[in-house]
Amino acid sequence: MTAAKENQTTRRRAPAMTPEERRAMIIQTAIPLIAECGAAVTTAKIARAAGIGEGTIFRVFADKDELLQACIAEALSPEHAVRELDAIDVSQPLLDRLAEAAEALQAHMSRMGAILGSLGHRGGKHPGTVRGAGRDESTTRIRAALAELLEPDQAALRRPPEQIAALFFGLLFTQPRTENEPDLTPQELVEFFLHGALSGGAK
C-alpha cells in the first residue's frame, strides 16, 4: 500500500467528532479570534483557524450570534477556573498555593475581560445563566474551591476559610492600579494579603 493510500485509510478510520466535541473545538478556536477582532470576526476566519469548512460551524450553531453567545458563556464559565484550583497541590506552603490560585484566577478574569471588552456593545454584563451557573453561583463555586485550598491551614487562620476565601477573591478583582508602581505579581499580592502592609521590622 502506498503512503498516500495509508494516509487516506488513516483519515477514514479517524473517529468523527460528536456534535458536542465539534462545538467545543469551534468555541476554543473562536475565543482568541473574538478577543482580537470582536464581533467583526467572520465565521470564515474561525473556520480557517479551526481547519474546517465554514458550513461545519452552522451544523452545530444556528448562526454567528449563537456562536458569539456560546463563546461568552465559555469565557465566563467557572468550570476551567475551578478545575485549575482543584488541581493545586495542597501539600505546598499556603503562600505557594494562593500564588498559584491568584495566577489561575487572574488568567480567568483576563479571558472574561478580553471577550466582553471586544464585544463592547454587551457592556461587560454577565449574560445570565452560564452552564447552569449564574454570576452569583459562579462566584460561590470559585470561593468554595479557594476555601478548600485554605483548609489545611485552618488552625492558623484568624477567620474561617470561607471568609478568607471571599476576601482574597475580592482583592483579586479590586487590586488598585497606580501610575508610578507596577502591578503586584501573584506572589507579591499573596505576601501582602497574608502579612499585611507593614514591613518585617515595623512595630
Side-chain angles (χ1 to χ4, degrees), residues 20 24 27-28 31-32 34-35 70-119 122-203:
E20 279 303 309
I27 289 170
Q28 291 302 323
I31 283 177
I34 294 169
C71 289
I72 291 172
E74 176 65 23
L76 295 182
S77 170
E79 300 292 341
H80 183 72
V82 169
R83 282 198 303 271
E84 290 203 352
L85 294 178
D86 287 345
I88 294 173
D89 183 0
V90 295
S91 69
Q92 299 179 88
L94 178 59
L95 189 149
D96 294 334
R97 270 177 272 153
L98 288 183
E100 280 192 42
E103 193 168 347
L105 291 176
Q106 285 174 344
H108 174 61
M109 289 183 279
S110 292
R111 283 193 298 272
M112 290 194 300
I115 289 294
L116 295 178
S118 67
L119 301 172
R122 304 185 187 275
K125 186 177 179 182
H126 194 293
T129 299
V130 178
R131 291 192 192 169
R135 178 176 56 191
D136 291 342
E137 187 179 342
S138 295
T139 299
T140 298
R141 291 181 59 193
I142 290 174
R143 286 180 180 177
L146 281 172
E148 288 184 12
L149 289 177
L150 291 161
E151 283 177 1
D153 291 88
Q154 184 169 359
L157 299 176
R158 297 176 62 181
R159 306 297 298 175
E162 294 76 14
Q163 187 174 14
I164 299 291
L167 290 169
F168 184 64
F169 187 64
L171 176 62
L172 291 176
F173 270 100
T174 59
Q175 182 184 172
R177 301 292 189 260
T178 55
E179 292 183 5
N180 299 322
E181 295 292 337
D183 289 347
L184 298 178
T185 66
Q187 187 90 3
E188 291 169 337
L189 185 68
V190 172
E191 287 175 351
F192 188 89
F193 179 74
L194 292 178
H195 305 302
L198 296 178
S199 65
K203 297 293 185 181

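Minimum heavy-atom separation, Val90 to Pro152: CB-CG, 4.2 Å. Minimum interatomic distance between Phe169 and Leu146 (heavy atoms only, all atoms of both residues): CB-CD1, 4.0 Å. Listed here is the closest heavy atom pair of Phe168 and Ala102: CZ-CB, 4.0 Å.
A side-chain donor-acceptor contact under 3.5 Å links Ser118 to the backbone of Ile34. Proximity of a side-chain donor or acceptor of Thr140 to a complementary backbone N or O of Asp136 within less than 3.5 Å is detected.
Atom-to-atom distance recorded for Phe193:CZ and Leu94:CG is 9.0 Å, nearest 0.5 angstrom. The CD1 atom of Ile142 sits 11.0 Å away from the CD atom of Glu84 when rounded to the nearest 0.5 Å. Between Asp89 atom CG and Asp96 atom CG the span is 10.0 Å, to the nearest 0.5 Å. Considering CD1 of Ile88 and CD of Glu148, their distance stands at 11.0 Å, rounded to 0.5 Å.
Side-chain contact between Leu189 and Thr185 is absent, with no heavy atoms from C-beta onward closer than 4.5 Å.
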Got a list of side-chain donor-acceptor pairs under 3.5 Å for residues 153-160, not counting sequence neighbours?
from   : atom 1 : to     : atom 2 : distance (Å)
Asp153 : OD1    : Arg97  : NH1    : 3.1
Asp153 : OD1    : Arg97  : NH2    : 2.5
Arg159 : NE     : Gln163 : OE1    : 2.9
Arg159 : NH2    : Gln163 : OE1    : 3.3

Pair up each side-chain donor or acceptor in residues 104-115 with any protein partner under 3.5 Å, not counting sequence neighbours, and list the distances.
from   : atom 1 : to     : atom 2 : distance (Å)
Ser110 : OG     : Gln106 : O      : 3.0

* **Verdict with reasoning, Val190 to Leu184, per side chain to side chain contact (heavy atoms under 4.5 Å, CB included)** => CA-CA 9 Å; Val190 172; Leu184 298 178; over 6 Å; no
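Applying the side-chain hydrogen bond (donor to acceptor under 3.5 Å, both in side chains) criterion to Glu103, with sequence neighbours excluded, gives no partner residue.
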